[in-house]
2 protein chains.
Amino acid sequence: MQDILFDFIAKYISLTEEEKNAILSLDLFHSVKKGTILLKEGQQSKDSYFVLKGCIRIYYIIDGEEKTTAFYTEMDVLTPPCVISKTPSEYYISCIEDTILTVSNSDMEVEVNSKFPKFEIMCRILAEELLAKKQIDFDEFKNSSPEQRYLNLLQKRPDLIQRVQQHQLASYLGIKPQSLSRLRARILDKNKE
Amino acid sequence: MQDILFDFIAKYISLTEEEKNAILSLDLFHSVKKGTILLKEGQQSKDSYFVLKGCIRIYYIIDGEEKTTAFYTEMDVLTPPCVISKTPSEYYISCIEDTILTVSNSDMEVEVNSKFPKFEIMCRILAEELLAKKQIDFDEFKNSSPEQRYLNLLQKRPDLIQRVQQHQLASYLGIKPQSLSRLRARILDKNKE
DNA sequence: ATCATTTTTTAACTTAAGTGAACGGTTTTA
DNA sequence: TAAAACCGTTCACTTAAGTTAAAAAATGAT
């Protein structure tokens with residue numbers, strides 16, 4: 001499990017044994033049961049996550065309805081926006097599967113970064129990469145119809161469609177569950193011809 | 001003009017005179033005429049921008065149609081995704097007004113960051129903030145209808161609606177120009193009652 | 001295994017966005 | 001300055017998503 005984290009870090013910087021031990025001493029690894037809520041609306045938090053196994057989601061509750069906007073699976077990093085802005089969260093974060101993840105808080109990161117400037121660099125590169133990816137995802141979302149978005153997701157993250165509930169997937173695609181269901185039937189019809 | 005840049009930087013780190021001079025010696029400031037294309041599809045680039053005055057936009061050309069996905073105005077920072085991923089650009093960047101901006105390339109940034117570790121920290125914080133903001137914007141986009149998006153924009157960036165062409169605004173809102181026109185008429189009707 | 005609950009699908013109807021075309025009004029440019 | 005190109009709006013029509021409700025299927029608990 002630790003190797004997964006170190007392999008991930010190795011994509012950005014190379015670590016000495018001393019540095020690896022410093023990380024391990026932080027006791028970052030946690031096992032979390034399906035359904036656990038990591039963050040609630042209104043709460044303040046300093047926690048960031050790295051998913052080793054499983055899946056977590058971000059969702060809002062608007063007019064009593066859950067609106068899922070993001071999923072994080074194996075090898076995904078999540079620093080919730082409210083941690084950056086230091087404001088109360090407007091959304092929930094929960095585990096939709098039994099999940100193994102690392103939990104680090106921003107105080108820890110400040111300390112590690114000042115002790116090992118390498119980490120500062122890794123964090124910068126990682127944030128830049130995630131920003132670039134988010135921008136591209138957003139662009140694709142704007143430039144395509146619900147049906148195209150679904151087909152696109154089928155290409156890029158086929159696992160999600162299996163492991164995630166339809167109504168969560170629907171709001172992730174910016175539509176209602178009934179529309180997703182209909183849209184899938186439409187696609188099947190087309191392929192039959 | 002330089003003070004605008006230094007005021008912006010001051011939000012993140014404090015600079016000595018020596019550091020300010022190091023920045024000024026880089027010759028970052030540029031004036032660009034309306035209509036200038038800063039980046040074309042297919043090009044590779046290392047340039048990042050900070051807008052001091054004016055407005056630039058990102059757009060794709062899909063099936064011969066321009067699809068505008070982002071606007072950057074006063075005090076906005078833009079590092080195009082293709083600069084981060086070091087891949088050819090899939091989009092264009094152009095000035096829709098006479099614009100004053102700083103242009104810095106990633107080689108310069110690597111050098112400055114290694115000479116002044118402070119800058120590394122600023123870049124990290126800035127990237128994290130922009131990522132958090134982008135995530136929230138994306139969430140709001142998914143959770144709202146075209147009409148709500150338009151009204152939301154009217155609140156948050158009323159200037160954009162004045163200075164940007166309707167068909168560019170439409171694709172920014174994820175709809176067709178005719179739909180934006182109709183939607184505005186609908187809103188006016190409602191307010192008349 | 002059965003029942004209760006939740007999730008997904010289907011259907012009928014409403015609403016709004018997409019499409020293609022036409023109309024003035026502006027700006028560009030030859 | 002006249003012609004061409006472009007832009008925003010409007011209209012009629014098509015297509016697809018939203019809404020409400022109900023049925024069917026899957027899941028979970030006892």
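Naming: A, B, ... by sequence-line order, numbering from 1 per chain.
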Tell me the interatomic distance from B/Asp189, atom CG, to C/dA16, atom P, rounded to whole angstroms.
12 Å

Test item: B/Thr99 side-chain N/O and B/Glu97 main-chain N/O as donor-acceptor pair under 3.5 Å
yes

The correct set of residues in residues 166-175 of chain B placing a heavy atom under 4.0 Å from DNA chain D is B/Gln166, B/His167

Indicate if A/Tyr150 and A/Ile175 have the same hydrophobic cluster label, given that clusters are the connected sets of ILVMFWY residues with side-chain heavy-atom separations under 4.5 angstrom.
yes

Looking at B/Tyr172, is A/Lys142 sitting on its ring face, NZ or CZ under 6.0 Å from the six-membered ring centre and within 45 degrees of the normal?
yes

Whole-Å gap separating C1' (C/dG18) and CG (B/Asp63):
14 Å

Review item, side-chain donor-acceptor pairs of residues 47-54 of chain A, under 3.5 Å, at least two apart:
residue : atom : partner : partner atom : Å
A/Ser48 : OG   : A/Thr79 : OG1          : 2.9

Checking C/dT19, D/dG8, D/dA17 against the side chain of B/Gln165 (C-beta onward), the nearest is D/dG8

Salt bridge between A/Arg57 and A/Glu66, side-chain N to carboxylate O under 4.0 Å?
yes

Detail all sub-3.5 Å separations between protein N/O atoms and N/O atoms belonging to nucleotides 22-27 of chain D.
none

Ranking B/Arg186 and B/Lys34 by the position along DNA chain C of their nearest nucleotide, the one closer to 5' is B/Arg186

Taking the side chain as C-beta and beyond, is there a heavy-atom pair between A/Thr73 and A/Arg157 under 4.5 Å?
yes

One pair to check against side-chain hydrogen bond (donor to acceptor under 3.5 Å, both in side chains): B/Ser181 and B/Gln166. What are the steps and the verdict?
CA-CA 8 Å; B/Ser181 188; B/Gln166 295 297 310; over 6 Å; no

Please report, rounded to the nearest Å, how far the P atom of D/dT15 is from the NZ atom of A/Lys190.
12 Å

For the atom pair CD1 (A/Ile93) and CD1 (A/Ile37), what is the distance rounded to the nearest 0.5 Å?
11.0 Å

Would you mind reading off the distance between B/Gln162 atom CD and D/dG8 atom P, rounded to a whole angstrom?
13 Å

Gap between atoms CG and P, on B/Leu183 and D/dT9 respectively (whole Å)
11 Å

Can you pull every protein N or O that's under 3.5 Å from an N or O on nucleotides 11-14 of chain C?
none

List the steps, then state whether side chain to side chain contact (heavy atoms under 4.5 Å, CB included) holds for A/Ser94 with A/Leu38.
CA-CA 5 Å; A/Ser94 81; A/Leu38 299 171; over 6 Å; no

So does B/Lys156 pair up with B/Glu140, basic N to acidic O under 4.0 Å?
yes

Hey, are the side chains of A/Ile161 and A/Leu169 touching, using non-hydrogen atoms and a 4.5 Å cut-off?
yes

Near-ring test A/Tyr59/A/Tyr91, centroid separation under 6.0 angstrom:
no

For A/Leu188 and C/dT9, what is the distance between atoms CG and C1' respectively, to the nearest whole Å?
12 Å

Which residues in residues 140-161 of chain A have a heavy atom closer than 4.0 Å to any atom of DNA chain C?
none

Could you give the angle between the helix axes at the two ends of the helix from C/dA1-D/dT30 to C/dA30-D/dT1, with five pairs per end, rounded to 10 degrees?
50°

Under a 3.5 Å threshold, yes or no: a donor from one side chain and an acceptor from the other, between A/Tyr60 and B/Asn143?
no

A cation-pi test, strictly: NZ or CZ of A/Arg149 under 6.0 Å from the centre of the six-membered ring of A/Phe141 and no more than 45 degrees from its axis. Yes or no?
yes

Would you check if the side chain of B/Gln44 reaches a backbone N or O of B/Lys86 as a donor-acceptor pair within less than 3.5 Å?
yes

Does C/dG18 have its OP1 or OP2 closer than 4.0 Å to a side-chain nitrogen or oxygen of B/Ser179?
yes

Do B/Leu151 and B/Leu153 come close enough that some side-chain heavy atom pair is under 4.5 Å?
no

Between P of D/dA16 and CD1 of A/Ile187, the distance in whole Å:
11 Å

Pick one: which of A/Ile56, A/Asp159, A/Asp76, A/Ile96 meets side chain to side chain contact (heavy atoms under 4.5 Å, CB included) with A/Phe71?
A/Ile96

Against the side chain of B/Lys176, the closest entry in C/dT10, D/dA17, C/dG18 is C/dG18

Quick one: A/Arg184 CZ to D/dA16 C1', roughly how many Å, whole number?
18 Å

